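Every chain is numbered from 1, with letters handed out A, B, ... down the list of sequences. As the structure is a prediction and not an experimental result, all values here were calculated from the model.
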Amino acid sequence: MRDLITTLVRSALERAIKDGEVTLPVPADVTVERPRDPSHGDWATNVALRHAREAKMPPRELAEVIAARMSGHPDVAAVEVAGPGFLNVRLSPHALQRVLTEVRRSGAGYGRLTLGAGEKWQVEFVSANPVGPMHVGHGRWAALGDSMARVLEHAGYAVEREFYVNDAGVQMDIFAASVSARYLELCGVDAVFPEDGYRGAYIVDIAREIHAEEGDAWADAPAAEREAHFKEKAYAQVLEHLKRVLHGMGVEFDVWFSERTLHEPGPDGTSEIERAIADLRAAGHIYEKDGATWFASAAFGDDKDRVLKKADGAYTYFAADIAYHKDKFDRGFDRVIDLWGADHHGYIKRMEAAVAALGHPGKLTVVIGQLVNLFRGGEVVRMSKRTGEMVTFEDLLDEVGADAARYFFLRRSTDQPLDFDIALAKEQSAENPVYYVQYAHARICAILRKAAGAETDDVSVDIAATASSLVSDDAPLALLDAEAELALMRKLAEMPEVVETAAVQLAPYKLTRYAEDLAAAFHQFYTQCRVVSDDPDLTAARLYAVDATRIALKTVLGLVGVSAPERM
RNA sequence: GCGCCCGUAGCUCAGCUGGAUAGAGCAAGAGACUUCUAAUCUCUAGGUCGGGGGUUCGAAUCCCUCCGGGCGUGCCA
C-alpha cells in the first residue's frame, strides 16, 4: 500500500514537472509515511516542504499542484494540503476493502515479506550455563529470541535458532564439585562444601537423584574421578531441564552447540580455538606479550587489546567465543544475531572486533536483553543462582502459563529492564493485555459458531472449516463503509508494515502493540456493528471482515508465540 | 574515570534515521448488557518530554553540557 501511494505521489509530481508547471529535477526521495494523527488521513508526505525552496514555490502551492494531479484515482478518497505544506492522502473504502481479500487469500501468510530475500540468518539466544535451572531472565530472552526468529522468518529470512552450551571450563568444575559435596553429605560422609560452590537447593536434588540411582558407590572414589562422573550426570540432567522448559513454552532450537567441541582436537590435531587464533595470526592481529597471547582488538574499535591465551597456557573464554563465531560464519550465515544479557554488554565491542578481524565486518548484531525484576504483589523477589534463593523460570511458567509469560516478556522494548509482577500476570483482568487480544479472537470464533448455527460455546466446531464454508468469496464488501469497519480494515492493512519494522529493528514488542491495536479495532467494531443479522448481504460482508480479522490476529499472535484460543 | 542503557501523564511505557495540537494501557471519575462472550465499549480528567545551551523553516527526536538512576569496565567464567 505504501508503495502504491509513493508511486502515485511521484508520478503526480513527475507529470507536473513534465508539463512545465513545476521547475524541479525529479526528486529521488519521495517518501510517504503514516501520520501520527489518524485524522490526517492514511498517508502523508512532506515532498512539497522539502522541495519548495528548490522549486521556488511556496510549499502549500507546490502541494496543491501535486494534489490536483492525484485526485481521481479509485484508491484515493481525498488528497488534502495541510499545515505548512503536508499532503494528506485518504484511502477510498474500495482500497481498504481490498485488504480483506488480501488477508483471506494469504491466510497464515498474511504480512509475509520478501525483505530477507532468503538470506541465511542465525539467532543465538538463551545460551544459559548448564549448571542450574533457567531463571526468569533466560525466559525473557527465550521469548525474545524465538519471536525475533519468527518475525524474521515471516519477513523472508531463512533463520536458524541456536543455543550455545557453555559446557567447558571452570563453572562446570565448580558445579561438579558442588554436586559431589552434596552427594557425600547424603552418604553421611563429612564433606567440605566448596567456597565458591553453587548453594541452590537444586544441587541437592541432583545429588539425591544420583544417590538414589548409584547409592554410596562413589563415596570412596578419588575426588577427581567422582567429580568427573558427576559432572556428566548433572550436566545431562540440567540440559534435560533446559530442553523441557523451553519446549514447554514453545521454543525449539535447531542447534545445541557444545563449547567442548571448540576445545577438542580435530582430525588435523588442532582445536577450533587454535585454528581461529592461527587465522587471526595469519592476518597479523596476534602478538605475544608478558607470556600471553594477545588479540589486537583495539585496532578494530575495542577499548584495548585482549588476552586469548593466558600465561598459564589456558585459553580465555573470549578465545572460545572467537572460535565459536568463526564456526558460525564458516557455516555460511549472512548475519549472526547474538542475544545477550545486559551484564555482558561490555563484551560487544571485542566480539565485533573479532568478527571483523575474521573477515566478516558488520555481520554480527548483538542485541542486549535487559534483566527482569521479579515482583510478587509489589514485593521484590530475589533471583540468585548462588544463594539458591530464587524463583526458577519453570516455577513462573507453572504459575502464570506460557502465554502470559511470553506476552509480558515481549511487551517492552529489548533495552528496557522489565518489572514482572507475578500476581499481575496471573490476574485475569483488564490489566492483563494478553487476555484482551486473545479475547478478541475468541469473540470472533463465537460469532462464526453463531453464524454457522451452532451453540456459541460449542468447542467441537472446527473454526477454520466453518469459516471457509461460511464466508463467501464474493461477499458484497462495498457495504462495509461504517467508521468502525473502515478503522478495522485500516488496522489490518498496517500489518505488513509492522512485520517489516519489527524485523528491521529486531523489535518483537512492536507486534504486541499492534496486536493490541488490532484487538481494540475489532472490539470497537463488535460494539458498533452487529455481524449476524437478518440482512443477508450485510451479514455476508461482515463475516468476511470478521474472518479476515481472525486470520490476522491468529497470525500476529503466532509471531509473538502466544496461542489464539477459540473460546475463553 | 571511561563505556553502554535509561529519564515523557499519578503508575507502566510508546513515539527517537527531525515534521502538524506529544500518544496508549492501568489507576481516578461518569456512563453502556432482554443482542454474536461486559476478559468489552463510550466519555472526562491528567504533561516545564530530567535542567540548560546549540543546530533550522521546524527538536521529545540531532549535537554539547549538567543532574539523576541501572549495568559494565579481569591474563574471571
When you compare the protein's N or O atoms with those of nucleotides 42-46 of chain B, which come within less than 3.5 Å of each other, and at what distance?
unit_1, atom_1, unit_2, atom_2, d
B/U42, OP1, A/Gln524, NE2, 3.3

Checklist entry - Going by atom types only, do A/Asp321 and A/Tyr347 share a side-chain donor-acceptor pair under 3.5 Å? => result no
Checklist entry - Can you name the salt bridge (Lys or Arg N to Asp or Glu O under 4.0 Å) partners of A/Arg281, sequence neighbours left out? => result A/Glu288
Mind listing the N/O atom pairs, protein and nucleotides 56-59 of chain B, below 3.5 Å?
unit_1, atom_1, unit_2, atom_2, d
B/C57, OP1, A/Arg53, NH2, 3.0

Checklist outcome for this item: Whole-Å distance, A/Leu87 CG to B/A20 C1', equals 13 Å
Checklist entry - Got a sec, which residues hit ring-ring contact (aromatic ring centres under 6.0 Å, His included) with A/Phe295, two or more places apart in sequence or on another chain? => result none
Sub-3.5 Å pairs of nitrogen or oxygen atoms, protein against nucleotides 32-35 of chain B:
unit_1, atom_1, unit_2, atom_2, d
B/U35, O2', A/Arg530, NH1, 3.4

Checklist entry - Taking the six-membered ring for Trp, is the centroid-to-centroid distance between A/His523 and A/Tyr436 below 6.0 Å? => result yes
Checklist entry - Looking for any heavy atom pair under 4.0 Å, which part of the strands does A/Ala442 touch: base, sugar-phosphate only, or nothing? => result base
Checklist entry - What nucleic acid atoms does A/Asn88 come within less than 4.0 Å of, heavy atoms only: base, sugar-phosphate, or nothing? => result base
Next on the checklist: Please enumerate all residues that pass side chain to side chain contact (heavy atoms under 4.5 Å, CB included) together with A/Asp312, with sequence neighbours excluded.
Outcome noted: A/Lys310, A/Ala314
Item to check | CG-CH2 distance between A/Leu91 and A/Trp43, expressed to the nearest 0.5 angstrom | outcome: 8.0 Å
Checklist outcome for this item: Output row for RNA chain B, stems defined as at least 3 consecutive Watson-Crick or G-U pairs under 3.5 Å, is B:1-7 with B:67-73, B:10-13 with B:23-26, B:28-32 with B:40-44, B:50-54 with B:62-66
Report all side-chain donor-acceptor pairs from residues 497-511 of chain A shorter than 3.5 Å, counting only partners two or more places apart or in another chain.
unit_1, atom_1, unit_2, atom_2, d
A/Glu497, OE1, A/Arg34, NE, 3.0
A/Glu497, OE2, A/Arg34, NH2, 2.8
A/Thr501, OG1, A/Glu497, O, 2.9

Checklist entry - What do the steps show when you test A/Phe163 against A/Trp256 for ring-ring contact (aromatic ring centres under 6.0 Å, His included), and what is the final call? => result CA-CA 5 Å; A/Phe163 190 117; A/Trp256 292 75; 4.4 Å; yes
Checklist outcome for this item: B/C62 glycosidic conformation (syn if within 90° of 0, otherwise anti) is anti
Checklist outcome for this item: Looking only at B/C36, B/G15, B/G3, the nucleotide nearest the A/Lys349 side chain is B/G3
Next on the checklist: Could you check whether A/Glu259 and A/Tyr317, counting side-chain N and O atoms only, form a donor-acceptor pair closer than 3.5 Å?
Outcome noted: no
Checklist entry - Quick one: are the ring centres of A/Phe300 and A/His285 less than 6.0 Å apart? => result yes
Next on the checklist: Could you work out, with ring-ring contact (aromatic ring centres under 6.0 Å, His included) as the rule, every residue matching A/Tyr235, not counting sequence neighbours?
Outcome noted: none
Item to check | For A/Lys304, all residues meeting side chain to side chain contact (heavy atoms under 4.5 Å, CB included), sequence neighbours excluded | outcome: A/Arg306
Item to check | Whichever of A/Val531 and A/Ile368 has its nearest RNA chain B nucleotide further upstream toward 5' | outcome: A/Ile368
Next on the checklist: Strictly below 4.0 Å: does A/Arg412 bring a side-chain N or O up to OP1 or OP2 of B/A14?
Outcome noted: no
Checklist entry - When you check every protein heavy atom under 4.0 Å of nucleotides 71-77 of chain B, what one-letter string (B, S, -) results, 5' to 3'? => result BS-SBBB
Item to check | Selected nucleotide, minimal atom distance to A/Lys510 side chain, candidates B/C41, B/G15, B/A20 | outcome: B/G15
Checklist outcome for this item: In terms of heavy-atom contacts, A/Asp196 and A/Ile174 come closest through O-CG2, 3.4 Å
Checklist entry - Are the side chain of A/Thr316 and the backbone N or O of A/Val307 linked by a donor-acceptor pair below 3.5 Å? => result yes
Item to check | Presence of A/Tyr514 side-chain N/O under 4.0 Å of B/A14 phosphate oxygens OP1/OP2 | outcome: no
Checklist entry - Just wondering, do A/Phe86 and B/A20 stack (centres under 5.5 Å, planes under 30°)? => result yes
Under 3.5 Å, which donor-acceptor pairs do the side chains of residues 338-345 of chain A form with other protein atoms, sequence neighbours left out?
unit_1, atom_1, unit_2, atom_2, d
A/Asp338, OD1, A/Lys328, NZ, 2.9
A/Asp338, OD2, A/His325, NE2, 2.5
A/His345, ND1, A/Ala342, O, 3.0

Next on the checklist: Base, sugar-phosphate or nothing for A/Cys445? Non-hydrogen atoms, less than 4.0 Å.
Outcome noted: nothing
